Every structure is written in structure tokens, then in C-alpha cells.
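I have placed the structure first, in the form of C-alpha cells, so that the comments after it can refer back to it.
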Amino acid sequence: MWNSALVRALRGPLMLITLGILGLLDVQNVARLTLTWPVLIIAYGLLRLVEYQFRPMPPALGGGKL
Amino acid sequence: MNPNAAYRGSMHRGSWTVPLLLIVAGVLLLVNNLDPTFRFRDYLARYWPWALIIWGVVRVAELFSMAAKNLPLPQRGFTGGEWTVASIIFFVGIGSLQATRFSRNISFDFGDHGIPFHFLYREPMLRDVPAQTIAVAAKSPLVVVQYQRGDVRLMGSDAAELKASGRVAWRNVREERANELAREFKVSLQCDETANRCNVNLPNSREELESLTLEITVPRGASVEVRNDRGDLEVIGLNGSVEMVSFDGDFKGDDINGNVKLRNKDMDEVVVRQLKGNLDIEGPGGDLELEDIAGTVSIAGGNTGDLVFRRIGKELRYTSDVSNLTFASIPGELRMEGGDLDAENLVGPVVIRSRSKDVNIDGFQGSLDIDVQRGEVQLNAKNGGGPAKIRTRNGDVTISTPSPFPFQMQALTRRGNVDDMLEDKSLVLQTVENKASRVSGGKAGGPLLDIETDRGNIRLQRGE
């Protein structure tokens, strides 16, 4: 089931969930969003890293007659 | 083909999250319009992150389901329109949160939840506000206290002096900066030459100010004027009058001999006990508790919380968009919680006008005039009581009386039944038309009990 399209599609919802959790921490006076927003950049970077793992490999160049 | 276009053009039936969000928003806005006690902005400020979290979790589940069925997936999990809706939720939610914090200083503090994120906060730096004292020659001066933010406790004392001290907390500052701010933050006490007027001033509040608690001691005979943007005021043991003008502040008063005037934009809680003078409250508020008030009481603006009135010696008037109440005095107790008004031992003339309220009165003297558009009325005339006029558009009316029936009766229900459990021979019951019933008769020369309900039953029963 896991493929590059699914991993790429999951990026949006997971970023939204992260934003929601940071908002919840702000609402509950646990940590202000003005302090925790860099977590969004970290989460985005991590998701992109995971995407690279699932990126389809380009076909290897084969030899042939010139 | 663009993956998003493929996703939109596929056989996928679409997500139900956006329609569901619209329905929830519509229901909340409708309740907000119909129920004056419901504050949509507070709910939005409190729960908007859950909308994003739930939406995200649902979309993750949908994506897995679509992947399992080999359906085309949206390129980044959401379409452009969905990102727009999510952005609107975020910006409106965070805006409401900031607006709520600014205007009402609400703290969503759920106690010690044990979540280990406290390292993200720098602990507020607590510092003393240096105590200041000046002598006051006059026995009953006017003390004017002006500041922007903070809570003030003001006490009357037998000493002929004006004294101020307190604690201040600075947030997001280092030790040295906190010391620097504390040195700058000094209370200024000044009295004019005759000492008939004294001023207590504080420096303008800074961004770093987390909280301020100030204790001010004044001569017992003093009158006090407090003006602030935001902050609570507590006044104890004063012979003079008290006036508070605030954008957002609660008030507690105990043992005050003069008049009390409160002009606030928003008061979450007002508690006044042992007041010999008059009380005048103007502005919307939350909970209100008044006890042992010897003077008149005037409340205008409307309250969304619970109201409790105990032992009010003179006239009490309450005015809001949805209710108008007047009582000559309340020797007993009156409570208004949600849609209920429960009262015991009232003295009339009593006037109760409300759009929607269940009224339950246990014992009254003098006249009674009740008019509610929607709600039940229960009246226990255990000591007889005076003339009573009861009108309700939609709701039952129950009258409990001692025996023999002490009232002259005139009652009509246009659509309902009369349930006579008294079986008093002086009462005459008749069905006027198909669905209307009338009661007349009763004690000749007795106080008139005049009841009309458009839709509801009238029940007559023996009181305890």
C-alpha cells in the first residue's frame, strides 16, 4: 500500500494535525504558538525526508550499441 | 494529468469533512443567535484546534482507504479549496483566541495537566512593589486609583494614612531585566493640600507585565474611585462610596457603608455583601451575587451567568435585553440560573417580564405581575399574598394555595385544561370553546388572581 503518492498525499493532513496540536497547546496555555511554530518547519522537513525514501528510483541507464 | 484533477475527476465521492464543518458552524451560529447565554466566540477560541486535528485524522484515514482501493490521491492531501477553508479556520480561530484573551483575560487553565512542556515558558519573575505610605489629614478623603492592568485589594483602616504595596510578575524576561523593570515600577501617592483628594497612580503597563496585585489601605471614612483597563477590585470595610470604571474587571465588596457604582464593559463576577448604601451596576456581566444590601439595587446590561440575591432591603431593578425584573424588596432569596427563576419570600410590587423563563415563587406579599412568553409559572401563595396577574404565551401555570381558597379568581387557558385539585365550591370551571377553559369565582372581595395562558394547563392545588 505504501507508495510515493500516498506518502506525498499524507503530508498535508499531517501538517494540519501538527498545526492543530500546536494550537491546542496554545489554547490550553501550555506553550504559545509564537514559540512553537518552528515545530512546523521541523515536521515539514521530516515528512520530506520520508518522501525521499519512497521516491521511485530512476531507471538505470543501460548500455547499447552506439 | 494533474493528480489533483485526477482526484477530483475520479469516482471518489468526495470528503464529508467540509460539509460537516459547515453544518457544525451553522448550528453553533444558530444557537448563538437564539440563546443569549451562548458565546460563539468563546467556543471558537477554545475548540478551533480540534477542527484541524479531527479533519487531519479523518483525511489520513480517507487517504489510506483510497490507496487500498487504488483510487487517485490528491497531490498534497488536500485540494486548494480545502486548504483555503483550513486557513480560514486557523486565522479566525487564532484571532478569536487573541481577542478573547485581550478582552476578557480568560485563562484556559486546566490545572496541573502534567504535560511536560513547561520548559517552553520562562517562569515569570516575581518582584515586590515597594511599599509607599503618606499621611492623610482628612477623615473622609476621595481616593482616586488609576492604572491600566492589575488586581487591587482596597481596605479601610483606622490609621490616618494612605498606604500601597504589592507584587508584580514580569514574563519572558531575564533576572536583570526584571530587576530593572521593578526599579521603574513605583506606585505614586499624592494628596492635595487639604488632603480631601488623593491620587494613587501606577506607571503604564508594559508588554512584560504578567500580573499585578496591589494592596491599598485608606482611611475608613474615604470614598474611592478606581479606573482601570483590566483588573479586579476588592473593597473591604469602607464608610465612603465606591466607584469603579473598567473595561474588564470583577468586583468584590464587603462591609461598605456608602453607595457602590460599577461601570464596566465586562464583569465575569460581581459579589457584594453587607452594603448599607445603594448599588448601581451598568454593563454586561457574568455571575452576580448580592447579599444583605440595605439600599436600592439597579442592574442594567444583562448577565450571562448565575444571579443570586439574598436579603435585599429596598427596591431591586434588573434590566436586560431579555428580562425586566422589579421587586420592592427581597427578604428571602432569589436565584436565576439558566432558564430558571426561583424565589422565596418576595415583597411586591413584583414585576417579572421575560422572553423565556420558568418562574417558581414560594411565598410573596404585595402585588405580583408576571409575563413570560415561554415558560412555566409556579406560584405558592402559602401566606395568601396580594393580587397576582400571570400571563404566559406558552407554558403551564400551577397555583398552590392554603384552604379555603383566598383569591378572587379569573383564569383562562386558550388551549389547555384546568386541573382543579382544590375542589373548592366557590370556584366555577367552564369550557368556553373546544380547547379553551375558564375558571372564575373564588373568595368574594379577596385579592384578584388573574391568569391567562395561550397554550398551557392551569393547575390549582393545595399548598403546604
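Every value quoted in this text rests on a predicted model; they were computed, and no experiment measured them. Throughout, a chain's letter reflects where its sequence line sits, starting with A, and its residues are numbered from 1.
Contacts between B:Ile54 and chain A at a heavy-atom distance below 4.5 Å are absent for every atom of the residue. Proximity to chain B (any heavy atom under 4.5 Å) is restricted, for A:Leu33, to the side chain, taken from C-beta onward.
Side-chain contact between A:Val27 and B:Tyr47: absent, with no pair of heavy atoms (C-beta onward) separated by less than 4.5 Å.
For the options B:Gly56, B:Ala86, B:Ala51, B:Pro49, heavy-atom pairs under 4.5 Å to chain A are most numerous at B:Pro49.
Residues of residues 12-21 of chain A lying under 4.5 angstrom from chain B, judged on non-hydrogen atoms, are A:Gly12, A:Pro13, A:Leu14, A:Leu16, A:Ile17, A:Leu19, A:Gly20, A:Ile21 by number.
Around the CH2 atom of B:Trp50, the shell of radius 6.0 Å holds no more than 12 heavy atoms that belong to other residues, nucleotides or ligands.
Atom CG in A:Asp26 sits 5.5 Å away from atom CG in B:Leu97 (nearest 0.5 Å).
Taking every heavy atom of both residues into account, B:Leu63 and A:Ala9 meet most closely at CD1-O, 3.4 Å.
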